[in-house]
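Convention: sequence-line order gives letters A, B, ...; per-chain numbering from 1. All values below come from the heavy atoms of this structure, side chains included, with hydrogens, waters and symmetry mates left out.
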2 protein chains.
Amino acid sequence: MSKLKPNANHKAKDLNLEDIAREAGVSRATVSRVINNEAYVSEETRQRVQEVIEKLGYTPNIRGRILATGRTNIIGVVIPQSLATVFDDQFYFPTLLNGVAQAANQRNYAMLLWIQESSTDEERFYERILKNHLMDGVLLASTQQDNPFIPRLLDMGIPLAMVEHPHQWADRVNFVTVDNQAAACVATKHLYQQGRRKIGHITGALNNIDGIKRLEGYKQALAELGIPYRDEFVFEGNFESRSGYKGMRALLEAHVDAVFCANDQMAVGALKALDELGVRVPGDIAIVGFDDLPTSERNKLTTIHQPIHTKGAQVTHLLLDQIEGVSDGARHALLETHLVIRETCGASITRRA
Amino acid sequence: MSKLKPNANHKAKDLNLEDIAREAGVSRATVSRVINNEAYVSEETRQRVQEVIEKLGYTPNIRGRILATGRTNIIGVVIPQSLATVFDDQFYFPTLLNGVAQAANQRNYAMLLWIQESSTDEERFYERILKNHLMDGVLLASTQQDNPFIPRLLDMGIPLAMVEHPHQWADRVNFVTVDNQAAACVATKHLYQQGRRKIGHITGALNNIDGIKRLEGYKQALAELGIPYRDEFVFEGNFESRSGYKGMRALLEAHVDAVFCANDQMAVGALKALDELGVRVPGDIAIVGFDDLPTSERNKLTTIHQPIHTKGAQVTHLLLDQIEGVSDGARHALLETHLVIRETCGASITRRA
DNA sequence: TTTCAAAATGGTAACGTTTTCATCATAATC
DNA sequence: GATTATGATGAAAACGTTACCATTTTGAAA
């Protein structure tokens, strides 16, 4: 492209190591040692250098350090989901980012957020950022089945962590996730405990690991309860509210008396359908969701709560551990969920499961 | 190259300018010129160098470049709001960030997201990131009245842009905002046009410029319509749903027949209160909100739509223009809003204002 | 031919750290 | 007193670019 005009801002030249060294009567190396708290500096010298640093208000230039050390103290957070997805669940990402931010701040890292808005962004990301080692590691927030980044990142030896189960790469990347299957099983069994026997399920997108696992949890529960699985009791949704609405209308035809929805958004859609048709909840139909969105409390929705903020913080710690050489990059954690009982399932007390 | 052990983090030393120069039989300087598309390179040489670059798969090391140029192509996005706020409005920030990302990607910048989770983060941000010139500019997403960052950033000569009106600094920083007052005025007048004469207002937080401006717009409308301002028709809220709920109950005592809520979240709270008390909407009370959240369509809420995504993109362009020396850093834009008419205000058609 | 500006290129100095290596003191051990 | 460790320090070499300046080549005008 064209070359840029130099920035007109006249910046007072910053202090550098040399200045401090001169003022304190030592060498650059010694000042560097003081700053990085290394050994082999006499207490006396350390003190003197420290004083000069404070007197002159010096802070090390991060750019020089980056070049010398090869580390930036920046982690990349990649959100490859389509715009629509980011829009759709307005709770998940901000919360996750807050968790990541907390852990990153705490350990003195900054986060480079990479929201992929167009398909060209993807290649650009790879070329521009990764190959140049601008980030010490990458946090991948993707639930796509086959994310092309994973093998590329692994090949390049860049530390990687995910907030979902990484499919076939599970033994090579860090990840934190919740036990979707177990949680779905709990949710389904809870409906059974409330006396329901015709329990339907509106699934999430089934190219998504969460969607798949929740469906499996539903099936597992049925199996363990000795209830035969019936195809007409399962509607394939896609996590969006609208599909919950459609799914509910379909399942009503099949005469279910309870529905486990793979997320709260679809549960809201389902509730809307029931409301329109004058079906009583939980009188005629009991509903359980998944996620525990903030709005779910208002909607009195029984649902599975998952600790998203914690998830963000924890996955960040895993990543940083690998970056800092504490771990070798294949650790993972399974976070606990719990059932939050509200009015839509017909139970009357709140307890944890 | 050969990477037999997956976890042996042995990175094959990257190529550098020197390698390319040697292979192409030219100097480092020439290769640099080719890469940066500068003049004074013969077509023949350019070609040859280009070929070598492609053959060897070289990409310039961004860290060396950063040190040499003093520019990182990173902008900082600072969100100083408390955690609660980020949580509360789950639409605004993600949408804004998407807009920022779009513009930044387009112009080859990356965004460093800085969510301030604790008060110590603030000072750390200043010390660690700014003083070291890790970011070429800063996008401040704050509506706080007195953000202590602004003068500091200005002092340091760091390009700055805001998504709200920057109060007393308006003539020194870039900003993009919507005309809150005009929009609030339109909203209020619309209620009047629907035949309402006892129009109340639930304000936003009044330490917030948006809250203030929207209240002013409400007052302006009354003045222009010749309706006396009545204190008991105004309830001071704080943008949260709960305060809308409380506000509505309070305004009912004052016998209003319409309420302009300073945001949609409070409007939802107000609707909930009305629903509980069996007050008909819009029969007895008409409601207008502000923001046009995605949920507002479902709630059939008449509201002011503001182009948040565009706002994010535009403010980013302003910032980058200053960074690249195209502007001097005191530009601003006022984005247009429009009234979206749905069922809660008693009008029957949708039009734009 | 001479002259001269512009184009093309190379050499090398920044940029500001961290790291490595060598050199001294100094204290501990024999 | 000789010999080691070891603690403290500095000089200089990376790190990989870009920016500046000097030099050579080229092509056209005088």
Side-chain angles (χ1 to χ4, degrees), chain A residues 1-7 11-50 52-53 56 58-74 128 131-134 136, chain B residues 11-50 52-53 56-74 128 131-134 136:
Chain A
M1 297 292 184
S2 60
K3 49 181 173 177
L4 302 169
K5 296 224 163 159
N7 198 332
K11 40 186 79 173
K13 191 164 156 15
D14 287 319
L15 292 165
N16 60 21
L17 269 189
E18 189 71 47
D19 299 322
I20 305 300
R22 195 181 320 112
E23 183 77 12
V26 295
S27 72
R28 280 211 301 280
T30 300
V31 179
S32 175
R33 286 191 195 98
V34 171
I35 286 169
N36 296 304
N37 241 309
E38 282 173 23
Y40 299 123
V41 181
S42 72
E43 197 44 50
E44 187 204 335
T45 308
R46 188 180 298 273
Q47 199 95 14
R48 191 171 68 247
V49 171
Q50 203 65 264
V52 173
I53 288 176
L56 301 186
Y58 165 79
T59 37
N61 181 308
I62 221 170
R63 301 184 295 213
R65 180 178 288 176
I66 285 174
L67 181 56
T69 61
R71 305 207 18 249
T72 58
N73 270 44
I74 294 177
R128 236 192 83 229
K131 271 191 161 175
N132 301 326
H133 307 296
L134 182 53
D136 293 339
Chain B
K11 42 185 81 172
K13 187 164 155 21
D14 287 318
L15 294 165
N16 59 22
L17 270 190
E18 190 70 46
D19 298 323
I20 305 301
R22 195 182 320 112
E23 183 76 12
V26 294
S27 72
R28 278 213 301 281
T30 300
V31 180
S32 176
R33 285 190 196 98
V34 171
I35 287 168
N36 297 305
N37 241 310
E38 281 174 24
Y40 300 123
V41 181
S42 72
E43 197 44 51
E44 186 203 335
T45 306
R46 188 181 299 272
Q47 200 94 15
R48 190 170 71 246
V49 171
Q50 203 66 263
V52 173
I53 288 177
L56 301 185
Y58 165 80
T59 38
N61 181 308
I62 219 170
R63 301 184 295 214
R65 180 179 288 178
I66 284 175
L67 182 55
T69 62
R71 307 209 13 252
T72 58
N73 271 42
I74 294 177
R128 238 192 82 227
K131 271 191 161 174
N132 301 328
H133 306 297
L134 182 54
D136 293 339

(message) Please confirm whether the shortest side-chain N or O distance from A:Ser32 to OP1 or OP2 of C:dT17 is below 4.0 Å.
(response) no
(request) Tell me which nucleotide among C:dC21, D:dA8, C:dT17 gets nearest to the side chain of A:Tyr40. (result) D:dA8
(request) Would you kindly give the CD1-to-C1' distance between A:Ile66 and D:dA14, to the nearest whole Å? (result) 17 Å
(message) I want to verify a distance call: between C:dA8, C:dT17, D:dT17, whose nearest atom is closest to the A:Ala68 side chain?
(response) C:dT17
(request) Taking only the side-chain nitrogens and oxygens of B:Thr69, find out if one of them lies under 4.0 Å from OP1 or OP2 of C:dC15. (result) no
(request) Take atom CD1 of A:Ile53 and atom P of C:dT17, then tell me their distance rounded to the nearest Å. (result) 10 Å
(request) Among D:dA12, C:dT19, D:dT18, find the nucleotide with the atom closest to the side chain of A:Glu38. (result) C:dT19
(request) Find the distance B:Tyr58:OH to D:dG16:P and express it as a whole number of Å. (result) 9 Å
(message) Classify B:Arg63 by what it touches in the nucleic acid, base, sugar-phosphate, or nothing, heavy-atom distance under 4.0 Å.
(response) nothing
(message) So if I take every side-chain heavy atom of B:Asn36 and compare against D:dT18, D:dG10, D:dT17, which nucleotide ends up nearest?
(response) D:dT18
(request) Between D:dG10, C:dG10, C:dT18, spot the one nearest the side chain of A:Ala29, thanks. (result) D:dG10
(request) Supply the atom-to-atom distance A:Arg28 CZ to A:Asp19 CG, rounded to the nearest 0.5 angstrom. (result) 11.0 Å
(message) Nearest to the side chain of B:Val26, heavy atoms from C-beta on, is which of C:dG10, D:dG16, C:dT17?
(response) C:dG10
